[in-house]
Amino acid sequence: MFSIATIAILIAMLLVLVRLLKGPTLYDRVLAVNSFGTHTVLLIGVMGFLNGRPDFLDIALLYALINFVGTIAILKFFRYRAIGDIMQIPPDKNNKEQQ
Amino acid sequence: MDIFINYCCWALIISGSFFVIVGAFGTYRFPDFWSRLHAASITDSAGVILLLLGMGVYSGLTLITFKLLVIGLFLFITGPTSTHAVANAALISGLRPPTLQSKNSDDPDLKKPSDAV
C-alpha cells in the first residue's frame, strides 16, 4: 500500500522536475519548486510508514515550514530585487505600483 | 472491524496517490502558467488531505496521528497562501492568460509575456 504511494509520489516528482526545467517563465519554476516541496513532505511521511518508523513526521513538518518560507523568499527577491528591508531601496522607475 | 480499517486505509492512500499523480501530470501538461497553477494546487489540496488521512487511519489514535494532523493543518494554511503569492507575483510582473492579451484592452500595466521576468 505505502509502496504504491511512494512510487506514485516519485513519478509525480519527476513530472514536476520536468516542468521545473522546461518552465518558460520564472513563475512556472517557482510553482514547480513549491510543488516539489509538498511532494517531499508527502514522500517523507509515506517512506516513514513504509519502513515502519513513522517518527519522520517531524522532519516532514519542518520541511513543510521551510518550503513555504523559501517560496515566499524567492518571490520577494524577484519582486523587490532584495530580501532585506525594502524601505531603503530607491523606487525603480518601471515598478508601476510604487509610483 | 480490522478489515474495514484496512480497506479504508487502502482506499484513502490509493486515491491520494492518484490525485498526486493527476496534479503533477497537470502541472507538466497544461499549456499556460495559470492553468498549471490550478493543476499544482490539486496536489496541494486533494493529494495531501487524502494521503495524510490514510496514514492517520493506518496509525490509529496515537501521537503519530496528532503529528499528521499538525502537518495537514499547516499545509492547509500555507498551500493556498503560497499559490496565491505566486499568482500575485506573476500578475504584477505582467504575465497574463493568453486570451486577455487582446490589443485594445485598457489594462494599464499589460505587458507582452515576452518581457515578463
Side-chain angles (χ1 to χ4, degrees), chain A residues 1-2 4-9 11-20 22-39 41-46 48-49 54-58 60-65 67-72 74-76 78-79 94-97, chain B residues 6 9-10 13-14 16-30 32-34 36-37 39-41 43-44 47-48 51-52 54-55 58-59 62-64 66-68 70-71 74-75 77-79 81-83 85-95 108-109 113 116-117:
Chain A
M1 170 169 62
F2 287 115
I4 295 173
T6 311
I7 294 165
I9 292 179
I11 294 172
M13 280 171 144
L14 281 179
L15 284 168
V16 165
L17 269 184
V18 171
R19 171 50 52 199
L20 180 78
K22 243 176 66 171
T25 60
L26 155 76
Y27 299 101
D28 291 312
R29 294 195 168 94
V30 170
L31 185 70
V33 165
N34 185 22
S35 189
F36 192 83
T38 318
H39 285 128
V41 169
L42 293 175
L43 188 70
I44 295 173
V46 170
F49 274 92
D55 313 324
F56 284 102
L57 290 175
D58 308 335
L61 176 63
L62 193 63
Y63 200 92
L65 293 164
N67 178 39
F68 177 63
V69 170
T71 308
I72 301 297
I74 295 174
L75 290 175
K76 186 175 179 186
F78 275 102
R79 183 161 164 195
N94 56 16
N95 197 339
K96 243 128 346 274
E97 98 261 359
Chain B
N6 220 342
C9 230
W10 264 87
I13 290 202
I14 298 298
S17 46
F18 167 71
F19 275 111
V20 165
I21 291 259
V22 161
F25 194 65
T27 311
Y28 166 65
R29 278 279 299 170
F30 276 169
D32 174 63
F33 164 70
W34 302 98
R36 276 179 220 129
L37 205 57
S41 56
T43 2
D44 265 358
V48 160
L51 271 176
L52 293 185
M55 288 191 268
Y58 180 80
S59 63
T62 59
L63 180 63
I64 310 291
F66 176 69
K67 285 184 193 171
L68 283 168
V70 169
I71 293 180
F74 185 75
L75 283 178
I77 293 171
T78 54
T81 317
S82 59
T83 309
V86 173
N88 189 14
L91 194 70
I92 281 181
S93 84
L95 199 60
D109 53 3
V117 164

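Just so it is clear, the model here is predicted, and its values are computed rather than measured.
- Evaluation of the side-chain hydrogen bond (donor to acceptor under 3.5 Å, both in side chains) rule for Asn6(B) yields no partner, not counting sequence neighbours.
- Proximity to chain A involves both the backbone and the side chain of Ile71(B), based on heavy atoms less than 4.5 angstrom apart.
- Contact of Asp28(A) with chain B is made through backbone and side chain together, with heavy-atom distances under 4.5 Å.
- Contacts between Phe33(B) and chain A at a heavy-atom distance below 4.5 Å involve backbone atoms as well as side-chain atoms.
- Residue Leu61(A) touches chain B through both its backbone and its side chain, counting heavy-atom pairs closer than 4.5 Å.
- What you find for Val86(B) and Val30(A) is that their closest heavy atoms are CG2-CG1, 3.8 Å.
- A distance of 10.5 Å separates CG of Leu31(A) from CH2 of Trp34(B), quoted to the nearest 0.5 Å.
- Here the straight-line distance linking atom CD1 of Ile92(B) with atom CG of Leu75(A) works out to 10.5 Å at 0.5 Å rounding.
- The number of heavy-atom neighbours closer than 6.0 Å to CZ of Phe68(A), taken from other residues, nucleotides and ligands shown, is above 12.
- Residues forming a ring pair (Phe, Tyr, Trp, His ring centres under 6.0 Å) with Tyr28(B) (at least two apart in sequence, or on another chain): none.
- Ser82(B) and Thr71(A) get closest at one heavy-atom pair: CB-CG2, 4.4 Å.
- Only the side chain of Thr43(B) has a heavy atom closer than 4.5 Å to any heavy atom of chain A.
- Closest approach of Phe2(A) and Met55(B) over heavy atoms only: CE2-CG, 3.8 Å.
- For Phe74(B), the CZ atom counts as densely surrounded, since its 6.0 Å shell holds more than 12 non-hydrogen atoms of other residues, nucleotides or ligands.
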Take Ile13(B) and Ile4(A), measure what side-chain contact (heavy atoms from CB on, under 4.5 Å) needs, and give me the verdict at the end.
-> CA-CA 9 Å; Ile13(B) 290 202; Ile4(A) 295 173; over 6 Å; no

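- Heavy-atom distances place no part of Leu63(B) under 4.5 Å from chain A, backbone and side chain included.
- Residues Phe49(A) and Leu68(B) have side chains in contact (heavy-atom distance under 4.5 Å, counting atoms from C-beta outward).
- To the nearest 0.5 Å, atoms CG (Asp55(A)) and NZ (Lys67(B)) are separated by 5.5 Å.
- Between Pro24(A) and Arg36(B), the shortest heavy-atom contact is CD-NH1, 4.2 Å.
- Of all heavy-atom pairs between Ala5(A) and Ser17(B), the closest is CA-CB, 3.9 Å.
- Within the 4.5 Å cutoff, no side-chain heavy atoms of Phe36(A) are placed close to those of Thr27(B).
- The parts of Leu65(A) that come within reach of chain B are both its backbone and its side chain, each placing non-hydrogen atoms under 4.5 angstrom from that chain.
- Heavy-atom distances place the side chain of Tyr58(B), and not its backbone, under 4.5 Å from chain A.
- Residue Val46(A) touches chain B through both its backbone and its side chain, counting heavy-atom pairs closer than 4.5 Å.
- Within the 4.5 angstrom heavy-atom criterion, only side-chain atoms of Ile72(A), from C-beta onward, approach chain B.
- Per-residue counts of heavy-atom pairs under 4.5 Å with chain B were compared for Leu20(A), Ile74(A), Asn34(A), Val16(A); the largest is that of Asn34(A).
- Taking all atoms of both residues into account, the shortest heavy-atom contact from Ala8(A) to Ile21(B) is O-CD1, 3.4 Å.
- For a residue to count as touching a neighbouring chain, one of its non-hydrogen atoms must lie under 4.5 Å from one of that chain's; by this rule Ile64(B) touches chain A with backbone and side chain alike.
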